[in-house]
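Counting begins at 1 with the first residue of the sequence.
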Amino acid sequence: MDEAIAGDPIAAAWDAIRTGLRRDCGARTFDGWLRPIALGAFDADSATLTLELPSQFMADWVQTHFAERLVLAWRATLPSVRHIRVAVGANAPRTAAVAAIPAAPEIEEAPVEVQGSLYGVPLEPRYRFDSFVVGKANEVAFNAARTLATAENVAFNPLFIHGGTGRGKTHLLHAIGHEFRARRPGAKIVYMSAEKFMVEFVAALRANDTISFKQQLRSADLLMIDDVQFIAGKESTQEEFFHTMNEIISAGSRLVISSDRAPQDLDGIEPRILSRLSWGLVADVNQPDLELRLGIIQKKLETLPVSVPDDVVMFLAKRISSNVRELEGALNRIAAYAQMQNRAIDLDFVGEVLANILRANQRRISIDEIQSKVSDHYRIRKAEMTSARRAREVARPRQVAMYLSKQLTPRSLPEIGRRFGGRDHTTVIHAVRQIEKLRAQDAELDADIRLLTRQLES
């Protein structure tokens, strides 16, 4: 039975969740996409809450990019809400966000079906092999993924796919799931982020019910874990993860793991896990070249209700070069603005709509680049940037790198923390404040940072 949502615990929980979302995602993303969400009906029988947005475009975007985060937030804040449905609804303000829709942010979590059970197959319908654009940068990973999904027998297991944010790793995982299910309708497929693996495992420990958790995962015919770097430093989670991997492989089931870096660069992960991850096939997804970016744009335009001239397509492919997700987000933004303002798409229009994105891409400094430069300067291994070591000779350069990441990149504090071994955003705040204080007291450190900044910006 549907219940009204007004002045009850659900409304109070939503206030707390909104505060956390604004802090974690940043004001720009929150104001453009999440602030317009209104509470709809709560179905107590299915424990499903409806969240309403003013347009189908916005509802689809929030479901794709924030579904899992919203589900986890509601379960943690108000356990009576177990599932989320994102829909267009009358409660949502229709003028709240249409004036300033931002481009899609760098979100590392995978899109999921909002009402899928934890151990169901929460796969994004758009992410299939036939919608994945293949080029030199990703053809090895694509071929390996398709082989694992289609072949009766594979010579490698697990498959480990790694690459920077927004390059298509999650797309490949979902495509594997779709193809595997199509060829084996009765198979059990489990897909989840490593962060969700950790959250659900900890919840099972607290509930003294780890047996159910283990049975659900270890009985899978295909297990896919996204963003494995998030379990770095989590000893009990790594223990369970290791045994789960062993059970899956020993049973002849298939295992797919993704990460933002290669196994040898995953500091904070137990050596036995790294050995197991490297045991199968390791495939990287590199930065897309111009030809691949053009292909991605053309494929994306097939799904958008707008016409984009060839000169605009070439302009976008040349100017947004490092991140497929950002490129697709820019196209979404162009399409939304063109429809809302009834404008033709030309170079002037694109320059106006994407001004901030284009400025950022003129010289984009990555966190990975900062870590490399700082490591070289202080003569430490780059892996120390994500390690748990606290020795001064490691901790100070790490703080410098965090400080420079805050100053020279548009990344949020939580994302910076994640790129430094899964640290909390408060650790980044402390590092920034510490370096700011030391710069005023230590001329040598100040000179180091000035030199590093010049080198990174040149």
Side-chain angles (χ1 to χ4, degrees), residues 29 32-33 56-58 60-61 64-65 101-108 110-111 124-143 145-146 161 163-175 178 284-364 366 410:
T29 296
W33 296 99
Q56 190 63 53
F57 181 85
M58 295 184 72
D60 290 344
W61 195 93
T64 297
H65 293 89
I101 296 179
E106 304 269 338
I107 297 177
E108 309 220 354
E124 167 56 50
R126 298 171 301 154
Y127 289 168
R128 299 175 184 270
F129 286 125
D130 59 7
S131 63
F132 189 87
V133 183
V134 183
K136 292 181 180 179
N138 57 28
E139 61 183 349
V140 173
F142 175 83
N143 290 332
R146 189 169 55 181
I161 301 174
T165 299
R167 294 182 183 174
K169 301 186 302 296
T170 296
H171 188 142
L172 285 176
L173 265 65
H174 284 248
H178 282 301
D284 59 350
V285 182
N286 294 311
Q287 181 173 322
D289 57 20
L290 178 62
E291 182 180 2
L292 180 55
R293 296 197 299 273
L294 285 168
I296 290 168
I297 293 175
Q298 295 293 353
K299 193 74 173 180
K300 178 68 176 178
L301 289 177
E302 294 175 5
T303 68
L304 295 176
V306 294
S307 176
V308 179
D310 290 344
D311 60 340
V312 171
V313 170
M314 182 60 71
F315 175 79
L316 293 172
K318 288 182 176 180
R319 292 293 299 274
I320 304 177
S321 59
S322 65
N323 190 310
V324 173
R325 187 177 296 143
E326 185 175 55
L327 185 58
E328 292 185 338
L331 289 167
N332 284 336
R333 189 177 190 185
I334 290 170
Y337 269 90
Q339 286 187 302
M340 290 186 294
Q341 299 178 7
N342 195 26
R343 296 267 302 274
I345 298 174
D346 55 25
L347 288 173
D348 289 339
F349 174 77
V350 170
E352 175 187 332
V353 171
L354 302 181
N356 292 337
I357 296 174
L358 296 174
R359 278 197 298 270
N361 276 274
Q362 286 177 350
R363 173 65 179 98
R364 165 127 337 154
S366 68

A.B. asks: Just jot down the side chain to side chain contact (heavy atoms under 4.5 Å, CB included) partners of Val134, sequence neighbours excluded, or say none.
C.D. replies: Phe132, Asn138, Glu139, Phe142
A.B. asks: How far does OG1 of Thr165 sit from CD of Glu326, to the nearest 0.5 angstrom?
C.D. replies: 11.0 Å
A.B. asks: Does anything in residues 340-357 pair up under salt bridge (charged side-chain N to carboxylate O under 4.0 Å, His left out), and if so which pairs, sequence neighbours excluded?
C.D. replies: Arg343-Glu352
A.B. asks: Show the nearest heavy-atom pair for residues Lys169 and Gly164, with the distance to one decimal.
C.D. replies: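 So the minimum-distance heavy-atom pair works out to NZ-O, 3.1 Å.
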A.B. asks: Indicate every side-chain donor-acceptor pair of residues 289-302 with a distance under 3.5 Å to a residue at least two apart or in another chain.
C.D. replies:
residue, atom, partner, partner atom, Å
Asp289, OD1, Glu291, N, 3.4
Asp289, OD1, Leu292, N, 2.9
Arg293, NE, Ala317, O, 2.5
Arg293, NH1, Pro288, O, 2.7
Arg293, NH2, Ala317, O, 3.0
Lys299, NZ, Asp130, O, 3.0
Lys300, NZ, Asn332, OD1, 3.3

A.B. asks: In sequence, state the C-alpha distance, the side-chain angles, and the governing distance for Ile334 and Val306, and then conclude on side-chain contact (heavy atoms from CB on, under 4.5 Å).
C.D. replies: CA-CA 9 Å; Ile334 290 170; Val306 294; 5.7 Å; no
A.B. asks: Going by the rule side-chain hydrogen bond (donor to acceptor under 3.5 Å, both in side chains), which residues pair with Ser131 if we only count those two or more places apart in sequence or in a different chain?
C.D. replies: His171
A.B. asks: Atom CG in Leu172, atom CZ in Phe129: separation rounded to 0.5 Å?
C.D. replies: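 With rounding to 0.5 Å, CG (Leu172) is 6.5 Å from CZ (Phe129).
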A.B. asks: Measuring from atom CD of Glu124 to atom OG1 of Thr170, what distance do you get when rounded to the nearest 0.5 angstrom?
C.D. replies: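 Result: 11.0 Å between the selected atoms.
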A.B. asks: Going by the rule side chain to side chain contact (heavy atoms under 4.5 Å, CB included), which residues pair with Val312 if we only count those two or more places apart in sequence or in a different chain?
C.D. replies: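 Side chain to side chain contact (heavy atoms under 4.5 Å, CB included) list for Val312, sorted by chain: Val308, Pro309, Leu316, Ile345, Leu347, Val350.
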A.B. asks: Minimum heavy-atom separation for His178 to Tyr127, with atom names?
C.D. replies: CD2-O, 3.2 Å
